[in-house]
Amino acid sequence: MKYLRLRGLAGATLALVLSAGLAPTATAAEVGIGPFVVQVPDLAPVHVPVPPGSEAAPLPPLPYPFQWVRPAPPFDPFGGRTLALDCGGNPERMPSRIIIFCGDGNGQFQNIRWTSWLDGTAEGTAEKVWVECVPACYNGIRRSKPARIVLHDVRYTPAGPAYAKLTAHDDRGARTTAMSSFPFEPGDQIIFP
């Protein structure tokens, strides 16, 4: 008699849950608990970070819905492999000087301090240096001012991926030109002075 009462109570509870829409409609897994198999409702995975120092070790399986999550590698602002080509087409990574006009060296960025060097862009601060050609370039006046530079527009070369454009930000705004080993194209600007 007691068994029938419990069974009736369980049936009434189940009917109440189903009528209220509280019961799960789909199951994602069957989980064994001792000799019983229980249907587990569809749940979002619960991420469990891999303990430090055990990244290479095989990890035991976790019960549903838990999942091991390996930590992302730390961000390296200087981890890019893209290169800057010098006047001779030689590859350089994070050069301290970039010459734009190779013929006479007039127009360059010196003392570059890179703040990032990534695969798509590189950024830094520099001293923008040029010679004011008055009365002529060979005896003109050397000028300089601070600038922020951004290398971008990656092109593939025999030396590997290389930045083709340089944008200089200074008191005259932002202006973009070709790096010395790439041709001057429509839209490129004279960025000196």
Note to self: Using side-chain contact (heavy atoms from CB on, under 4.5 Å), reason through D171 and K145 one step at a time and then give a plain yes or no.
What the structure shows: CA-CA 9 Å; D171 59 348; K145 62 180 162 183; 2.7 Å; yes

Item checked: Full working for side-chain contact (heavy atoms from CB on, under 4.5 Å) between V131 and I141 -> CA-CA 5 Å; V131 173; I141 302 167; over 6 Å; no

Next item on the list: Test side-chain contact (heavy atoms from CB on, under 4.5 Å) on V129 and R142 and set out the steps.
Entry: CA-CA 7 Å; V129 179; R142 183 178 185 275; 3.5 Å; yes

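Pairs of residues two or more places apart, or lying in two chains, never qualify as salt bridge (charged side-chain N to carboxylate O under 4.0 Å, His left out) while including a residue from residues 111-122. Among residues at least two apart or in separate chains, disulfide bond (SG atoms under 2.5 Å apart) pairs with a member in residues 84-119 are C87-C102. Pairs of residues two or more places apart, or lying in two chains, never qualify as disulfide bond (SG atoms under 2.5 Å apart) while including a residue from residues 145-193.
Atoms CG and CD, on N106 and E132 in that order, are 10.0 Å from each other to the nearest 0.5 Å. Annotation: the span from S181 atom OG to L83 atom CG amounts to 11.5 Å, rounded to 0.5 Å.
Salt bridge annotation for R148-D170: absent, with no cationic side-chain nitrogen under 4.0 angstrom from a carboxylate oxygen.
Between the side chain of R93 and the backbone N or O of G80 there is at least one donor-acceptor pair closer than 3.5 Å.
Other residues sharing the hydrophobic cluster of F75, ordered by chain and number and joined by side-chain separations under 4.5 Å: L118. Grouping Ile, Leu, Val, Met, Phe, Trp and Tyr residues whose side-chain heavy atoms lie under 4.5 Å apart, directly or via other members, places M179 in a hydrophobic cluster with F78, L85, M94, I98, I100, F101, F109, I112, W114, W117, W130, I149, L151, V154, Y163, L166, F182, I191, F192. Apart from I190 itself, the hydrophobic cluster it occupies contains F184, where clustering links Ile, Leu, Val, Met, Phe, Trp and Tyr at side-chain heavy-atom distances under 4.5 Å. Within the hydrophobic cluster formed by Ile, Leu, Val, Met, Phe, Trp and Tyr side chains joined at under 4.5 Å, directly or through other members, V134 stands alone, with no partner residue.
Among residues two or more places apart in sequence or in another chain, the salt bridge (charged side-chain N to carboxylate O under 4.0 Å, His left out) test is passed with R97 by none. By the salt bridge (charged side-chain N to carboxylate O under 4.0 Å, His left out) test, R155 pairs with D153, E185, sequence neighbours left out. Applying the side-chain contact (heavy atoms from CB on, under 4.5 Å) test to A136 and every residue at least two apart in sequence or in another chain returns Y138, N139. When the side chain to side chain donor-acceptor pair (under 3.5 Å) test is applied to S144, the partners found at least two apart in sequence or on another chain are E127. In this view, D188 and K165 satisfy the salt bridge (charged side-chain N to carboxylate O under 4.0 Å, His left out) rule, not counting sequence neighbours.
Summarising the geometry of W68 relative to V50, their closest heavy-atom pair is CE3-CA, 4.1 Å, with the distance given to 0.1 Å. Of all non-hydrogen atoms in A174 and Q189, the two that sit nearest each other are O-OE1, 4.2 Å.
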